[in-house]
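Here the structure comes first, spelled out in structure tokens, and everything after it is commentary.
Each chain gets a letter, A, B and so on, in the order its sequence line appears, and its residues count up from 1. Worth knowing before you read on, the calculation uses all heavy atoms, side chains too, and leaves out hydrogens, waters and symmetry mates.
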Amino acid sequence: METAADFVQHSGGVIGASWLTIALPLLGAAILLLGGRRTDRWGHLLGVAMSLASFVVAVLVFFELLGFGADQRRRVVELYDFLPSGSLHVEMGLLLDPLSISFVLLITGVGSLIHIYSIGYMAHDPGRRRFFAYLNLFVAAMLLLVLADNYLGLYIGWEGVGLASYLLIGFWQHKPSAAAAAKKAFIVNRVGDMGLALGIFVVFTTFGTIAFNQVLPAAHGASEGTLTLIGLALLLGACGKSAQLPLQSWLLDAMEGPTPVSALIHAATMVTAGVYLVVRSGPIFEAAPTAQLVVTIVGVATLLAGAIIGTAKDDIKKALAGSTMSQIGYMMLAAGLGPVGYAFAIAHLIAHGFFKASMFLGAGSVMHAMNDEVDMRKFGGLASVMKITWITFGLGYLAIIGFPLLSGYWTKDGIIETAMEHNPILGWLAVIGAGITGFYMSRLFFMTFHGRRRWDADAHPHESPAVMTWPLIILSIGSVFGGGFLIVGNRFMEFLAPAVGRPEEMPSFHPFSLTGLVTLALVAVGVAYAWMRYGRSEVPAVAPRGSFLTTFARRDLYGDALNEALFMRPGQWLTRLAVFFDNRGVDGLVNGLAALVGGTSGRLRRIQTGYVRSYALSIFFGAALLVGAWFVVGNL
Amino acid sequence: MSTLTAAAIEAPKIEYGELAPMLLVFGAAIIGVLVEAFTPRYLRKSIQMPITILSMVGALALTIWQGAQGVRNAAAMGAVAVDGPSLFIWGAILLLAIVSVLLINDDDQFVAQAAAVPGSAEEDQAISEGGAHTEIYPLVLFAVGGMMLFPASNDLLIMFVALEVMSLPLYLLCGLARRRRLLSQEAAMKYFLLGAFSSAFFLYGTALLYGFAGSVDLSAIDKALATVGGQDTLLYMGAATLGVGLLFKIGAAPFQAWKPDVYQGSPTPITALMASGTLIAAFGALLRVFWVALGNLDTQWTPVLWGVAILTMIVGAVLAITQTDIKRMLAYSSIAHTGFLLTAVVATGKEAQNVNALSGILFYLVTYGFATVGAFAVVTMIRDAGGEAGHLSRWAGLGKRSPALAGIFALFLLAFAGIPLTSGFFGKYAVFAPAVAAGGVGLVIVGVVTSAMAAFFYVRVIVLMFFSDPAPEGPTIALPSMGTAAVVTLAAAATVVLGVFPQPVLDLAHSAAQSLFVR
């Protein structure tokens, strides 16, 4: 149970200056956007420097936070009164606790690596400065999202990352597909954001405040119905941002953005904001079991859907995007399981941040080498020409399928075990998901790096420059050791406990539990099947027609068709209907009113004759009126 | 032979220290006149400009110092009130005047030879010789000094003198536009005639109130309200006509007719000075008269001012809709804002209520002052062959040709409309909230409806700038001088900062209003 006493008001020290983490990248974005072409030459370096500086501050804050006792680590830093008006009083401040600092380190750390990588990746792009400006803007907004000590600040950051994401998906706006993808992301996210806004409104009307340190301790006092409503509304927001069913459709299209964006925003950080929201609002969900159940169902459904989509995609980035959906599904599932799940959810989120970023950047490196080709049917046999990319990608791949002792093994297994204890149906579905993950990731890996070379005639693949390979190497170190470091000995569980609550008993890790063995076996089957289909045998250059199931997966489980049939067409009809009524009914009324005002204005205007004598007369009459009125009032 | 015993005339005790900010400005103005008389023409500008800026900066520093000292009393035998509101108003006027002087510094705005007949060969010669009237600097200083004395006067006669000291230089300055000189001279003439007419009302009211109370001292009039009986005719006539003079200066309906013509015809930097400084000064004086001298008569003037406020808001908002000239539109917008401010003037009640209303008005004046100076500064930069491109159709598509400038202008318009995250939002909130608290719900409803109407014409300009195709031979955007660029930047920054982080200035206004007006 959280109490208000868990939150310590803090000032001074590095923590007091933690706003710098947000301010620095924001300053970078401002300089790059306002500075114009003058900053073209050094703009990317400034962007990297701001991100790195933010990381350094984050590390210092982290160590200062570690210096406090475990129960003193939720520190609120007041910045200023944002809305000092009446009943809605919002003090803008930052909440530094183990949960937020974990995110901050991930965002600034992985973010910096991706900034560095982008120097090489975007070297020849005329819009490079703008690109770095948006990346910096993204980092600032994302940090505000996770650091704000109230829902309004979170919402501002939430919209900020949405904006950055929208700008970056449509970065190559000359491509109609990119512009359409950006629009789609924007519209789908509107639905989710409406849910978040609604949730915040209900929080405010229920608790009279939106500050975490007052809402969360008071959560158990509210009625379960209200909390369920809040929980479901927040979940809708989370679904939009984290591409969970039923708002998943934008993520695959979002791959139109430059690859570093896919790595940073649409894999490692922004799409995990939904998980953050659910975990941060933990006390609300814990007191609303229905909402919690819905969270787990959404998580499981998405983890399966994402995995199935991943099996059928030939576009390397879209296959990875399907995988991202699926992995966030795991996190969401864990986030619906209470305090034990929270730690695994965040641990998996961090581990995923490393290995997925490394794989996306690896995919970018492959594309860089293959003239921006994304069709895996035109890859094959790249292992020998791109050694570093192959090894780093391979480590990420092993980590995500849960190869023993690598990152994903620890974190994903933790989620599966917890789910199994909670509800065996959820647990077994998650195990099946792990098996499919083994298949589709192996398919992706073998099609790209092994088998016969199916390159286009003009492709001359080569290893990427050092500025791109070094981030890959650093990220792959994280994907090998990160998970183990966090999970073994419940290190992360202990660290996070002050922020998300301590589970009743700490989970103990059995390397040879039944579930673990079954999972490993299923993954092995998936890998072997993929090897038979795509490693050993020939991969056709054009996708075969495939069965009904394949088409089902290729068409994103008919998600777009469903959206079109359910929302777009009725929506179009509705707008036509509305336009009709608007033209006939509302416009008539409004135009009438406007004509009345305009006509009055036109007539009154004639009073303004320009003759000073008539002005003087009007003053005189005005004065007479005033005196007369005064007498009338005075003698009442 | 009778001996004329000189009845010992007591030398008045004058607190020079407390009056120092004002004395500094007036002193600098007099030095400016001497500079005009004794220095060669080519040197004058380089002497006048520093004198003007430095004296006002110095006065501002003194004002801030006094504010920090907490000086609160009536100086010069109770004739001038140096209290919290006065100091705040002085600070605001000085800040805005400094900003306006940076605009005035632009030679291109002012006539080369005022005495030359417009369009004559003499004028052409003066222009080619690069003639300039550096007299504008002392004139501005006199006007600013008047603006400072006007709201601080605690005595109707001093207030009248201040009114004239403030207005006379402005009448002159209005007629000094370089382009469209006939329009400018017409504006000056109208402003002068109508100003004189309203001054007469003011003076007449003063005389009648003296007849009623036997004193022109504001607090003496207040005391007389309780003691003098049976003189209601004198009191009502006096108070109403005095009100006319003050309402004329703030441009409330039905005394608003001068505003569009004068704002349009004057050189734009002078318009900026009038729209910010004069409005603040006149509101200060209006509040002092109605709250101090007639404070116990509020049951009588409240209904009257209710009517004036409603009429002013409606006239400003409705008439602005059909304006096609940007400066006229801003003038009507200024009338509408006067109406919004009046809603808080009538929001009197208990002391805490008065403090809230007063601090709301002070805050609003600052936010509006900065936005309006910024908006007029942008107007100076959009130019046609014949000077500024006043007609709105010339502004079409400006956003495509100069997105930064159009964006900043849009920011000012949004602030006028009171959109959140701009200063105007908190300003409107600050005056409407006390009005509601004092039972003026009806007034605030009119305020909100007219705000919505006003938002229409602000947004129309934004739409015009960003979504219309540029005029084929559209106006050029003048490269801003350092001063103009600084003004636009400062005003935009103030508009954003006061919209996002209004607390310090709100606190300052509140602490200035805390003591209310000295009596």
Contact origin within [X] toward chain A - heavy atom pairs under 4.5 Å:
| X | answer |
| --- | --- |
| B:Y236 | both |
| B:L247 | side chain |
| B:L297 | side chain |
| B:M453 | side chain |
| B:L319 | both |
| B:T299 | backbone |
| B:A239 | both |
| B:Y332 | side chain |
| B:F456 | neither |

Measure from the ring center of [X] to the ring center of [Y] and say whether it is less than 6.0 Å.
| X | Y | answer |
| --- | --- | --- |
| B:Y364 | B:F426 | no |
| B:F197 | B:F201 | yes |
| B:F248 | B:F255 | no |

A:F620 versus chain B, the contacting section by heavy-atom distance below 4.5 Å:
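Backbone plus side chain of A:F620, per the 4.5 Å heavy-atom cut-off to chain B.
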Relative to chain A, which of B:V244, B:V318, B:T322 shows the most heavy atom pairs under 4.5 Å?
B:T322
Does one side chain, of [X] or [Y], offer a donor that lies under 3.5 Å from an acceptor on the other?
| X | Y | result |
| --- | --- | --- |
| A:D193 | A:Y155 | no |
| B:S167 | B:Y191 | no |
| B:K249 | B:S198 | no |

Examine distances only and state if a side-chain atom of B:T312 and a backbone atom of B:V308 form a donor-acceptor pair shorter than 3.5 Å.
yes
Do A:R130 and A:Y134 meet the cation-pi criteria used here (NZ or CZ under 6.0 Å from the six-membered ring centre, within 45° of the axis)?
no
Please rank A:V612, A:N635, A:L34 by heavy-atom pairs under 4.5 Å with chain B and give me the top one.
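That would be A:V612.
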